[in-house]
Amino acid sequence: MRIATWNVNSMRARADRVEAWLEKSDVDVLAIQETKCKDENFPWELFERNGYEVAHFGFSQWNGVAIASRVGLTEVERAFPDQPAFGKNGKDPVEEARAIGATCNGVRLWSLYVPNGRSRHDEHMEYKLRWLRQLREHAQSWLAEDPHAQIALAGDWNIAPEDDDVWDIDFFERNQLTHVTAAEREAFQEFVQAGFTDVVRPHTPGPGVYTFWEYTSLRFQKRQGMRIDCHLASPALAARVRHAYVDKDERRGKGASDHAPVVIELS
DNA sequence: ATGGTAGCCGCGCTA
């Protein structure tokens, strides 16, 4: 079985690319982030005609997550329990479409779009850390309930766990950028301490292996990327991972998302 | 060249 995660940066703008990639990659399950649409604008037929069931969670033009599967899609859950909400200046906090879970052929998969954080001292950064802490507490409890559960936490983590996961750590520190701070990395490591491992990195050793390249400053052309998309697997699932890869080719050419798909292959 | 792209219920906001 093959499972992929991909921040498509608009499902409608990327529809042709996604369809072509499903055929090319032959994945069984795809966790999608940043669909940037609500249900009524989601291209349901695209998945149906390619043999995938699909569940989508989107409120507006922001965020939006989905799971497509051709090996079953049950127990769909939109948002995790007590998922933190966000409101600017602390006002009118609303829950955002950043997490959807489903069971696909025995694997409990979550498609996650972790809040960006925006800047080091922004209230959005506090939201990001709160959001991660809440998710981690639940993930921990799922594993405590069933230590043999096959759980994949897949998506755009918006965190570069190690210095090698960005093109120039000095640039990030000099400019006080996000995704690399101690607080963000600690939040990520708490998942690892809870028993979830990054099953992609061992198969895609760095430096220089990235999943995201900013459109601005033409970072892809300059080979200046970040590795912020990955799959964190529970012990039982991690034991099944045979291979993993980043499909960097998908970032090339006109009409590419700023993220590349990340695939894991299970026994 | 002190920058600059891409997407959206767009003429600002998010990334």
Side-chain angles (χ1 to χ4, degrees), chain A residues 5-19 21 31-43 46 56-66 84-99 111-132 155-160 165-168 170-181 184 187-188 210-230 248-262:
Chain A
T5 184
W6 189 11
N7 179 323
V8 298
N9 185 13
S10 173
M11 193 55 230
R12 283 173 288 172
R14 220 67 62 206
D16 291 348
R17 280 249 186 186
V18 170
E19 187 160 27
W21 191 78
I32 303 169
Q33 300 86 38
E34 278 208 270
T35 61
K36 288 188 169 176
C37 64
K38 38 186 147 185
D39 280 354
E40 63 197 74
N41 294 322
F42 188 82
L46 184 161
H56 175 246
F57 180 36
F59 293 120
S60 68
Q61 75 270 46
W62 307 124
N63 316 304
V65 283
F86 180 71
K88 242 181 172 172
N89 306 314
K91 285 196 291 192
D92 308 320
V94 292
E95 186 179 72
E96 299 181 310
R98 295 180 175 275
S111 176
L112 305 168
Y113 180 42
V114 175
N116 176 286
R118 297 183 184 165
S119 61
R120 289 192 176 189
H121 303 293
D122 197 287
E123 59 185 336
H124 206 263
M125 179 60 72
E126 295 169 36
Y127 167 53
K128 177 181 195 172
L129 298 172
R130 201 160 60 235
W131 197 95
L132 284 164
D156 177 356
W157 287 83
N158 268 322
I159 297 171
D165 294 323
V166 296
W167 52 275
D168 180 0
D170 293 336
F171 179 88
F172 282 72
E173 290 305 336
R174 205 162 53 237
N175 294 290
Q176 293 284 291
L177 301 180
T178 59
H179 296 53
V180 297
T181 64
E184 291 165 285
F188 187 87
Y210 309 123
T211 64
F212 165 76
W213 298 259
E214 284 179 300
Y215 289 128
T216 51
S217 304
L218 304 173
R219 298 251 179 249
F220 186 71
Q221 290 81 339
K222 298 175 187 168
R223 299 187 162 86
Q224 297 175 337
M226 302 166 70
R227 196 181 73 91
I228 56 176
D229 305 85
C230 74
K248 188 179 170 185
D249 279 346
E250 190 48 50
R251 180 62 178 82
R252 294 179 207 283
K254 201 170 167 59
S257 167
D258 41 3
H259 295 252
V262 182

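Source: prediction; values computed, not measured. Residue numbers start from 1 in every chain, and the chains themselves are labelled A, B, ... in the order their sequence lines are given, proteins ahead of strands.
- Asp16(A) places its CG atom 13 Å from the P atom of dG7(B), with the value rounded to the nearest Å.
- Rounded to whole Å, the C1' atom of dG7(B) lies 26 Å from the corresponding atom of dT2(B).
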Got a list of protein N/O to nucleotides 11-15 of chain B N/O distances below 3.5 Å?
| from | atom 1 | to | atom 2 | distance (Å) |
| --- | --- | --- | --- | --- |
| dT14(B) | OP2 | Lys88(A) | NZ | 3.2 |
| dA15(B) | OP2 | Arg118(A) | NE | 2.7 |
| dA15(B) | OP2 | Arg118(A) | NH2 | 3.4 |

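- Between the P atom of dG7(B) and the CD atom of Glu214(A) lies a distance of 15 Å, rounded to the nearest Å.
- When the C1' atom is compared between dT5(B) and dG10(B), the two are found 15 Å apart, to the nearest whole Å.
- Legend: residues meeting side chain to side chain contact (heavy atoms under 4.5 Å, CB included) with Asp258(A), ordered by chain and number and at least two apart, are Asn9(A), Phe212(A), Tyr215(A), Arg251(A).
- Computed from coordinates, the Phe220(A) CZ to dA6(B) C1' distance equals 16 Å when rounded to whole Å.
- Residues Phe42(A) and Met11(A) meet the side-chain proximity criterion, which asks for heavy atoms closer than 4.5 Å.
- As rounded to whole Å, 9 Å separates atom C1' of dG4(B) from atom CZ of Arg219(A).
- Expressed to the nearest 0.5 Å, how far CH2 of Trp213(A) lies from NZ of Lys248(A) amounts to 6.0 Å.
- One can place CZ of Arg12(A) at 10 Å from C1' of dG7(B), the figure rounded to the nearest angstrom.
- Taking atom P in both dG4(B) and dC8(B), one finds a spacing of 22 Å when rounded to whole Å.
- The distance from atom CG of Leu218(A) to atom P of dT5(B) is 6 Å, rounded to the nearest whole Å.
- Side-chain N/O atoms of Arg14(A) include one lying less than 4.0 angstrom from OP1 or OP2 on dG7(B).
- When Asp156(A), Asn7(A), Asn63(A), Thr5(A) are each tested for a side chain to side chain donor-acceptor pair (under 3.5 Å) with Gln33(A), only one passes: Thr5(A).
- No donor-acceptor distance shorter than 3.5 angstrom exists from the side chain of Glu123(A) to the backbone of Lys88(A), with no hydrogens or angles considered.
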Listed pairs under 3.5 Å, donor-acceptor, residues 171-178 of chain A side chains, sequence neighbours left out:
| from | atom 1 | to | atom 2 | distance (Å) |
| --- | --- | --- | --- | --- |
| Glu173(A) | OE1 | Arg120(A) | NH2 | 3.3 |
| Asn175(A) | ND2 | Phe171(A) | O | 2.8 |
| Gln176(A) | NE2 | Glu173(A) | O | 3.2 |

